[in-house]
Amino acid sequence: MVSVINTIDTLHEDMIHDAQMDYYGLHLATCSSDRSIRIFEVKNGTQRLLSTLQGHDGPVWQIAWAHPKYGKMLASCSYDRKVIIWKEQDGQWIKLYEYADHDSSVNSVCWAPHELGLILACGSSDGSISVIKHHGENQWEATKINNAHTGGCNAVSWAPAVVPGSLIEPPSQNQQNTFVKKFCSAGCDNLIKVWSDKDGRWEEVEKLQAHTDWVRDCAWAPSIGLPCSKIASCSQDRQVIIWTSDESTGGQWTSKTLNEFDDVVWHVSWSLTGDILAVSGGNNKVSLWKEKLNGDWTIVSDIGKGQPGSTE
Amino acid sequence: MVKIKQVNVAANYAWSPAENHPVYIAAGTAAQQLDATFSSNAKLELYAVDMADESYTVKCAGTIETENRFQKVVWGSNYTDGAHTSGLIVCGTDKGNIEIYNPEKILENEADCVLTTSKHTGPVRSLDFNNFQKNLFASGANDSEIFIWDLKNPTNPMTPGAKTQPTSAVGALAWNKQVQHILASTSSLTSGPCCVVWDLRKNEPIIKVQDPSGRMQCSDVTWHPDVATQLVLSSEDDHLPVVQLWDLRFATSPMKVLEKHSKGVLSVSWCKQDADLLLTCGKDNQVYCWNPNSSPPEILCELETGAQWCFDVQWCPRNPNVVSTGSFDGVIAIHSIMGGCAPVDSANQNQAQRNKITDAFGSDAFAGEAPNQQQQQPKAKSVPLKKPPKWMRRPCAASFSFGGKLVSFGNNPPAENQHQQPNHRVVKISQVVTEEKLLERSAELRRALADDAQCTDYCRKKLADAQNEFEEDFWSFLKVNFESEPRKEFLQLLGYNKVDLKAKVRDGLNSDAGSSNGLDAFDQIAVAQESKQQEKVFKPMKKSNRKVMRRIPTLAMVGGISFATKLSTYIDSMISQALLIGDYEAAVDLCLHSNRMADAIVVAMAGGPELMEKTQKRYFEANESKISRLLSAVVMKNWGDVVKSCDLENWKEALASLLTYASPDELITLCDELGARLEKHPDLKSNACLCYICSGNIEQLVRSWNNVKPENNSNDIQDLIEKMMVLHRVVEQRSGGRSAASMGETASEKLSEYAHMLAAQGQLNAAMEMLPASSDKISIQILRDRLFHSQGDDVAGYQPPVFPFARDGVRGGQRPEAQVQPRRQVMLVKYIGVLTAHLFDRFVQQPAEPAERLPTNTSNPTSPISLLNQSMVVVNIMHRNTATTDIFVQLISLPRNQMYQPAQQRPAATPNRPQDVNPYARPNQAPTYSAPQAPTSMFTPQPVSMSTPQVPGLMPMPQSQAPSYQPYMAPVSAPQAVPQPMGNPPGPPSNGYTPDAERKHSSGGWNDPPALDPNRIPKKKKPSPQPIDTSQLNMMTPAAPAPTPMGQMMQPGSSPMMQPGTSPIMPGVYPSSAPMQNIPPVSLSPLKTAAAPAPSVQTGALKGAPKAPIPTEHQILQTQFDELIKKAMNQNNNQQIKRKLDECSRRIEFLYDKLRGNSLSPNIIGGLHQVAQSVASRDYAGGLRHHTHIVTHSNFSEISAFMPGLKSLLQIAGQLRI
């Protein structure tokens, strides 16, 4: 059952490309082809525009909220080849940092799990991926993975912070250095790649091949305490594939097609408990999927065309 | 655009259709050009364009030799089911043939021509597949010949109509993209129509497009991808190098003209995926990407192709980011329109190509000439299209956020929602509920927990709905907890009923009296009827209990060995039953009756003196007993033995006996013990849960449940949670609501899992209710924080939880980034400026007071600069590279005038330090705090004077964010905090993070408070010096006169941490020396110059900085502790205690400041809340226990400032019995 609780007229002057809630679900950030980012306060079915962030010179593709321990912080990426990190400081949103080292559109930004520190991954159409790390005092250091995806990178998504060997227990602070730093990326080379930090260098540890067209999005599922990693990917080839790797059995990735849709699939998003996958397609349809006990995926809700929220 | 790959072949080519994967280029040797080798061979090759392959070269995947060279190559999609899954390649040859190949055969290098026709008379220059009927294609050749071919029947091509006059070569053909029977053809003649549009249904031309200028020499035609009536024509005439956009509805003149090429345009390609993208290439070596739909048409991107013309440009049908150009230098180049950098080996490729040409012609042929040289220069990074192509613009997305909310938007085509508000601006937030059953059950459970009556009903309902025996037992056991006498009810559930038994006994005795043979007869009956009798006993029991009973192995055998064997006779079982339910009299009767005198007496002894007396009267008929163990257990009350040694088959009897005899306290441990034994039993482990219900042990219940039912779907968890919560309520009730039963770790985990599930369904409030209240597990704290705040900042009935993460404030970038050192100086100058301004302010505002209060021997009392000097002394003193105690002593002993000396001698070097010292200020808070107290009393005679409040006030800058590093969990053990000898690099304060991390933080954000702790401001920064309250005065006194009080105050908190004899320096003070050693000396000049103008700026800045409020969730701490101090003050008359209290109050102020700064780790704060709770309930001993717990489990440096104060406060409160 899906019921609309807020309908927000963003007043963007062009297409919206992303809408993200913050950690507590109190603030909504939207970004658009009109080059702006808007921030709304959403409470009890009402909403209020708090800020409009201007700074990009092209359509803003994606936004990502940082963990609240870093304050109110937002990263955005744009067709203008820039990544901007915004911060609310004394009630004002300011540009904290601007990263302009990509040669083409930056299509995706994703913050690492907060346990790893303040780290942002960015995927660009120039085929490279940047990993930007905060070193204190607003000093940022970027590591670039060149030629990560020929034809461009469309999406990046971090693996949840887990310590190898003890996947059940959430790690404590002093284990910080033992966290596995990993993320996946999706590209126009029809691949999903898994990258892992090896002594400060990013290594391609996995190349997942099954899609036959651009992979539009990938999403690493949140950890639910099992020694199992899961990635959802969606593609221009209209397929959504679930990739699983059971670390207890050697970490081989296997793929399972969730469904073949009747249009391009643009976006996949896991629920926070990792049991439901929201799939958004080019026909403006959103469907929710759940894994059955036998490992098959079943649709739990199909949200009508252009009517996200209609019940079924 | 950037070139990403290249194929070195002089060929006419075609991309594989969009639906094919992988992507190939079919390249047929070009008829119109010679390659470098002058070879006259002809080939048809397939090249695999693999984007996953990072290399610059494209692999040839298959080659076949052909007879003819090619004028045109097209690749049609698969039109049948199965036959040619990769479609067919149709080639027009220079000899007028049309040859059709199967690409799959080419991949196997098999020269298998599917079909060859020779209908055309001249070179076949144009070919196009129909967009709708994939089996149809059109071909054009010289003399205005056009044929329409059906691959299903290729022998009889049709013509679209009568030939156009005058006849000319057909340069290009294009099927309409919207209407399947419309075809356009071009003629290269300038006289006559340059483009004819045919309607194949009517078999005639419907429109002839004639350029008004009459000079159009049409090279190419392409239809608008979306608009049926629009097409584009290109002119190859160098004098008219244009591209015209025509709308056939207004076919008198072109709608738009795209003018940019400087020479004739050879090819156009309109992007199928985005109609705003049109590629053109011309003899001027340029490729342009246009938006033909904008007014005027706009060039989005351009590409210089090098020294050679491109004769052909095409979008890759499958991957619209990719375009290809074919050029006369024998290269098919593949470009990405997304810009970016070319692969590294591109330069080598170009070189290789040049070498090949040079080889072919001999090295002299191109001597001195390097037409491609320009390519060698590193090209500037190419720019992507000015506007992103349509396929990059994500039209919709739905993302989950906390609480099962789904944020979605969708950009519908405008046509669909013209009447509504523009849909592309709307974002919807929806609540996703997938576990409706769970929510229903959860709501039911929460209603039930509201009160007892509800709870009983709930149990009853659950019992009625129970699906299996296990559930039934469970709920019946839980239910009886709400009855008036739960123990009795438990017994009944186990199959023992006092009333029934009494009746039995009576019956037995009566029947016996009637029989002549007394006992023997009775026994016989008993044995014979045993099974029958039992049924009778059980019959009156409730239906639900019957099943419980059935599993009871006949009658009770309590006690060690004999437990293993069943009692064989009815009489024994009767006695046992009587004993089990505590009916001594009946037991005695039975014993006597069966001639067991000793038993009778023993039982009677337990039954009290009266019964004993009665029994003794009938003592003479003695008999032997098999149930002595039970008797001994009953009489000796040795139930532990029973529980340990009983046969588990008889667990019910054991449990029954416990319920009957064990004292409430014993009951819990004994039941638990029995439960533990049962858990190990493979068949009986599910019964362990029942034992735990009897004992009220939730934690064990959960563990045992996990054993029995390890599955974890939402229903299972709900099943367990229902039981847990009801039992929790029971336990709460049993303890008279005194204290909420605390949940153990496993139970907490389950609850938190459950809360997560509820939260994921949007039930935030319910989730909050389910979270165990008193868990310090970090995962639970995190969830609670998130639940609380996501419901807005005000949730009825809950204190705002502590933020469970270490804040890591990043402050932004108005300041130059690069130089750290200068920035610090700026800050320092700034704060000194603030200080002086502040002092100055005071002078101006209160001219009278300073005159009175300032020491007379101050050289220039009214000058702010002199005050600045004063303050520097303090800064200096406070941050000298010596233990503070030493300073303190020095200060005390220094005559007032001398005090100014150090400041004047080295005013700059020292005040610079506060910046660096700051992060370490926490550990040595107490001592440094004391230090400024000392100068206070020396500068001025009064304890509180002009200078006192101001001096420390200058140190901290107003700041909003706690800069301090706070470990995630602060797992610290106290002994590590022991100082090392001076001189060695100091050990980190051992709270789990590395010295590196500490230093990083200590080097300080520019906004870090410059000196000491921010905590210090508030107290000093009294709005005005006049209202001095007494408590404040008292607080100052002990610190001022001598070092002794300081020693005292170190003691309580620090003593357990200090190792005797390690160092004379106090541990708290010590760490401040660490950063000192790392700091490069700072030159005098910047400070001096900067300090001078400072007084004029920022007047009153300090005043304006308010003391930050204590976070609401912690205000309770302040309230409780302040209240306690106040109460103690009022109660107490003893001066010494009063002084102690003042000290406490002062110390606790540090705590408040830490709370304000949010710089305490969650476990400390949790502990403090527990202390506050104890204070609230006047349980000071408990408070001290919590206190000790905090001290032993936390980072010493984090708490040393206030914990001793808190301790003595609790002690005093205990002594005073307030």
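Computation of the quantities below employed the complete heavy-atom set of this structure, encompassing side-chain atoms and omitting hydrogens, waters and symmetry-equivalent molecules.
Using a 4.5 Å cut-off between heavy atoms, A:V42 touches chain B through its side chain atoms alone. Contacts between A:L288 and chain B at a heavy-atom distance below 4.5 Å involve the side chain alone, from C-beta outward. For chain B, no part of A:H149 is nearby; none of its heavy atoms comes within less than 4.5 Å. For B:D50, no part lies near chain A; criterion is any non-hydrogen pair under 4.5 Å. Contacts between B:A760 and chain A at a heavy-atom distance below 4.5 Å involve the side chain alone, from C-beta outward. Interface remark: A:Y23 contributes backbone and side-chain atoms alike to the contact with chain B (heavy atom separation under 4.5 Å).
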* Hey, mind stepping through A:D9 and B:R425 against salt bridge (Lys or Arg N to Asp or Glu O under 4.0 Å) and telling me if it holds? -> CA-CA 6 Å; A:D9 185 356; B:R425 333 189 292 203; 2.5 Å; yes

* Check the pair B:R807 / A:Y70 against side chain to side chain contact (heavy atoms under 4.5 Å, CB included), numbers first and verdict last. => CA-CA 6 Å; B:R807 290 195 197 270; A:Y70 302 109; over 6 Å; no

* Going through the distances and angles, do B:L406 and A:V286 end up as a side chain to side chain contact (heavy atoms under 4.5 Å, CB included)? -> CA-CA 10 Å; B:L406 192 67; A:V286 178; 4.1 Å; yes

* Begin with the C-alpha distance, continue with both residues' side-chain angles, and end with the deciding distance and a verdict on side chain to side chain contact (heavy atoms under 4.5 Å, CB included) for B:R394 and A:N107. => CA-CA 10 Å; B:R394 182 160 77 179; A:N107 302 322; over 6 Å; no

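In this structure, A:H17 NE2 and B:F409 CZ are separated by 8.0 Å, a value rounded to the nearest 0.5 Å.
The aromatic rings of A:W214 and B:W391 are tilted relative to each other, their planes meeting at an angle between 30° and 60°.
Chosen from A:Q236, A:R216, A:R38, the residue pairing most often with chain B at heavy-atom distances under 4.5 Å is A:R216. Comparing B:D785, B:V23, B:L787 by how many heavy-atom pairs each has under 4.5 Å with chain A, the most go to B:D785. Ranked by heavy-atom pairs shorter than 4.5 Å toward chain B, the options A:A19, A:S105, A:S124 are led by A:A19. Considering only heavy-atom pairs separated by less than 4.5 Å from chain B, the leading option among A:L272, A:T212, A:D189 is A:T212.
A:Y24 places no side-chain N or O within donor-acceptor distance of the main-chain N or O of B:F402, the cut-off being under 3.5 Å. The backbone N or O of B:F400 sits less than 3.5 Å from a side-chain atom of A:S269, completing a donor-acceptor pair. For A:T7 (side chain) and B:K428 (main-chain N/O), no donor-acceptor pair under 3.5 Å exists by modelled atom type.
Across B:A398 and A:S280, no two heavy atoms sit closer than the pair N-OG, 2.9 Å. Shown here for B:S790 and A:L26, the closest heavy-atom pair between the two residues is O-CD2, 3.8 Å.
Every residue two or more places apart in sequence or in another chain that forms a side-chain contact (heavy atoms from CB on, under 4.5 Å) with A:D275 is listed here: A:S271, A:T273, A:K290.
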